[in-house]
Amino acid sequence: MKIVSVQSLLHAAILVIVSTAAGRAEEKGTVPVSQQELQAKISYCKTCHGVSGQGFRGSYPMPRLAGQQPEYLENQLRAFVERRRTNPVMFNVAHVLSPSMVAALATHFQDLNPKPLGGAPKELAAAGKKIYEEGLPEANVPPCASCHGPEAKGDGAFPRLAGQLHDYIFKKLVNWSKERGQDPAKPDTSAIMEPITHGLTEPQIAAVAAYLSYLE
Ligand code: HEC
Ligand code: HEC
């Protein structure tokens, strides 16, 4: 009796998931992408974002996409296209992607789980952990964990930070107001981070970036 009811519960749950997914595809009016198109696009992304989307450190840090929250990833691609987030490279990459391709790419990268690249000064990590977990009450900086999660895995529009390249995190937080939320007519989720980036000094940013870059 027990087994039967668990099975029927599972079945109902699966039905809900399937019909929600179908509803979403309908909403966007999307045509499914072929496996071939998707694989070609994934290879293209990885020429910059590294093997398994783990990020790449060349003359410019390419962010890790592996394990990223799909909603955040989709939001950023839209922000590049609408030039709310300034980056000439990613504008060119993103504006040709169909909604169904974006959704398929977001699912692909979310499911990858390579080890972090690391490389940050390890001695900074302890100070960074404290900022991540407790914030800086004297500078009105809330604990990062309150939004990005205790393990920095993110949730929905809140990005995963675990394993992200420390030099990428550093650059983004130092330059936030020059790169994000660039269309005053279209305020977006980047506004949430704006006062937080202003409350942190560069050494504090380097510390929290070092801590995050080692999290798996
Ligand atoms: C020619 C190199 C290049 C290619 C190819 C490329 N990207 Fe990027 N991407 C970048 C750079 C550089 C950045 C960092 C921009 C910045 O510093 O703000 C970036 C940033 C991003 C971000 C924001 C990450 C974050 O954590 O906010 C996403 C999402 C992204 N790329 C997705 C993709 C996807 C999906 C593809 C394949 C369709 C792709 N990129 C292909 C260079 C590239
Ligand atoms: C009140 C919620 C909140 C708190 C607290 C918070 N964040 Fe964020 N953070 C966000 C949101 C939302 C975004 C996505 C912004 C966007 O969509 O442009 C973000 C984005 C980021 C990014 C960009 C990620 C990327 O891949 O480019 C970094 C880095 C970051 N946060 C670091 C931190 C750090 C470090 C702290 C603590 C000092 C912190 N955040 C505290 C909400 C928060």
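Remember, it's 1-based here, ligands and their atoms both numbered in the order they're listed.
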Below 3.5 angstrom, do we get any N/O pair linking Gln76 and ligand 2? yes
So does Gly181 get a backbone contact from the side chain of Ser190, meaning a donor-acceptor N/O pair under 3.5 Å? yes
Is His49 reaching over with its side chain to a backbone N or O of Phe56, donor-acceptor style, under 3.5 angstrom? no
Of all the non-hydrogen atoms in the protein, which one sits nearest to atom 2 (C) of ligand 2, and at what distance? Cys147 SG, 1.9 Å
Minimal non-hydrogen separation, Lys172 against Tyr60, with atom names: NZ-OH, 4.1 Å
Min side-chain heavy-atom separation Val51-Pro114 under 4.5 Å: no
May I ask you to check if ligand 2 and Ser146 share an N or O to N or O distance below 3.5 Å? no
Counting both backbone and side chain atoms, is some N or O of Tyr72 under 3.5 Å from an N or O of ligand 1? yes
What atoms of ligand 2 come within less than 4.0 Å of a heavy atom belonging to Pro143? 5 (C)
Do NZ/NE/NH1/NH2 and the carboxylate oxygens of Glu133 and Lys129 come within less than 4.0 Å? yes
Looking only at protein heavy atoms, what sits closest to atom 14 (C) of ligand 2 is Pro159 CD, 3.6 Å
Main-chain N/O of Ala79 paired to Glu82 side chain as donor or acceptor, under 3.5 Å: no
Can you tell me which residue and heavy atom of the protein come closest to atom 42 (C) of ligand 2, and the distance to 0.1 Å? Phe158 CD2, 3.6 Å
Is the Phe91 to His95 ring centre distance short of 6.0 Å? yes
Atom 22 (C) of ligand 1: nearest protein contact (heavy atom, Å): Phe80 CE1, 3.7 Å
Between Asn75 and ligand 2, find which residue part has any heavy-atom pair under 4.0 Å and reply side chain, backbone, both or neither. neither
Is it the case that Arg84 and Gln76 place a side-chain donor and acceptor less than 3.5 Å from each other? no
Presence of salt bridge, Arg83 and Asp183, under 4.0 angstrom: no
Residue and atom name of the nearest protein heavy atom (relative to atom 35 (C) of ligand 1), distance in Å to one decimal: Cys45 SG, 3.6 Å
Atoms of ligand 1, numbered as shown, that sit under 4.0 Å from any heavy atom of Met62: 10 (C), 11 (C), 12 (C), 42 (C)
Using only heavy-atom distances, determine whether the side chains of Gln164 and Ser213 contain a donor-acceptor pair under 3.5 Å. no
Side chains of Glu37 and Ser34: do they bring a donor and an acceptor to under 3.5 Å? yes
What protein heavy atom sits nearest atom 28 (C) of ligand 2, and how far away is it? Leu161 CD2, 3.6 Å
Taking only heavy atoms of Tyr44 into account, list the atoms of ligand 1 that are under 4.0 Å away from them. 5 (C)
Would you say Arg85 and ligand 2 have an N/O pair spaced under 3.5 Å apart? no
Determine whether a donor-acceptor pair (N or O, by modelled atom type, separation under 3.5 Å) exists between the side chain of Glu179 and the backbone of Arg85. no
With heavy atoms of Leu77 as the reference, note each atom of ligand 1 found under 4.0 Å away. 32 (C)
Close-contact set for ligand 1 against Asn87 heavy atoms, below 4.0 Å: 15 (C), 16 (C)
Protein heavy-atom partner closest to atom 19 (C) of ligand 1 - residue, atom, separation in Å: Met90 CG, 3.2 Å
Just to be sure I'm reading this right: ignoring hydrogens, which of Lys172, Gln164, Lys171 gets closest to atom 17 (O) of ligand 1? Compare them by their nearest heavy atoms. Lys172
Taking 4.0 angstrom as the limit and counting only heavy atoms of Pro63, give me the atoms of ligand 1 inside it, by number and element. 13 (C), 14 (C), 19 (C), 20 (C), 24 (C)
Below the 3.5 angstrom mark, is there an N/O of His49, backbone or side chain, next to an N/O of ligand 1? yes
Report yes or no: does Gln182 contribute a side-chain atom to a donor-acceptor pair with the main-chain N or O of Arg180 at less than 3.5 Å? yes
With heavy atoms of Ser190 as the reference, note each atom of ligand 2 found under 4.0 Å away. 15 (C), 16 (C), 18 (O)
Can you list the ligand 2 atoms lying under 4.0 Å from a non-hydrogen atom of Ile192? 1 (C), 2 (C), 12 (C), 42 (C)
Should Tyr60 be counted as touching ligand 1, given the test is an N or O pair under 3.5 Å? yes
In short, Pro116 meets Gly163 closest at the heavy-atom pair CB-CA, 3.8 Å
Could you list the atoms of ligand 1 found under 4.0 angstrom from a heavy atom of Leu73? 29 (C)
Determine, for Tyr168 and Arg64, whether the Lys NZ or Arg CZ falls below 6.0 Å from the six-membered ring centre while staying within 45 degrees of the axis. no
Short question: side chain of Ser43, backbone of Gln39 - any donor-acceptor pair under 3.5 Å? yes
Does the side chain of Gln204 come within less than 4.5 Å of Leu124's, by heavy atoms? no
Parallel under 30°, tilted from 30 to 60°, perpendicular over 60°: which one fits the rings of Phe158 and His148? perpendicular
Can you tell me which portion of Phe170 lies within the under-4.0 Å heavy-atom range of ligand 2? Options are side chain, backbone, both, or neither. neither
Atoms of ligand 2 under 4.0 Å from any heavy atom of Val141, numbered from 1 in the order shown, are 38 (C)
Examine Thr189 against ligand 2 and note whether any of their N/O atoms are separated by less than 3.5 Å. yes
Evaluating non-hydrogen atoms only, which member of Leu165, Val96, Ile169, Val93 is closest to atom 41 (C) of ligand 1? Val93
Return the closest protein heavy atom for atom 33 (C) of ligand 2 as residue, atom name and distance. Met193 CE, 3.4 Å
So is Tyr211 close enough to ligand 2, meaning a heavy atom under 4.0 angstrom away? no
If you have a sec, work out which protein heavy atom is nearest atom 34 (C) of ligand 2 and how many Å separate them, to one decimal? Cys144 SG, 3.4 Å
Give a yes or no on whether the backbone of Leu105 and the side-chain of Gln110 come within a donor-acceptor separation of less than 3.5 Å. no
Between Tyr168 and ligand 2, does any nitrogen or oxygen pair lie at a separation below 3.5 Å? yes
Give yes if a backbone or side-chain nitrogen or oxygen of His148 is under 3.5 Å from a nitrogen or oxygen of ligand 2, and no if not. yes
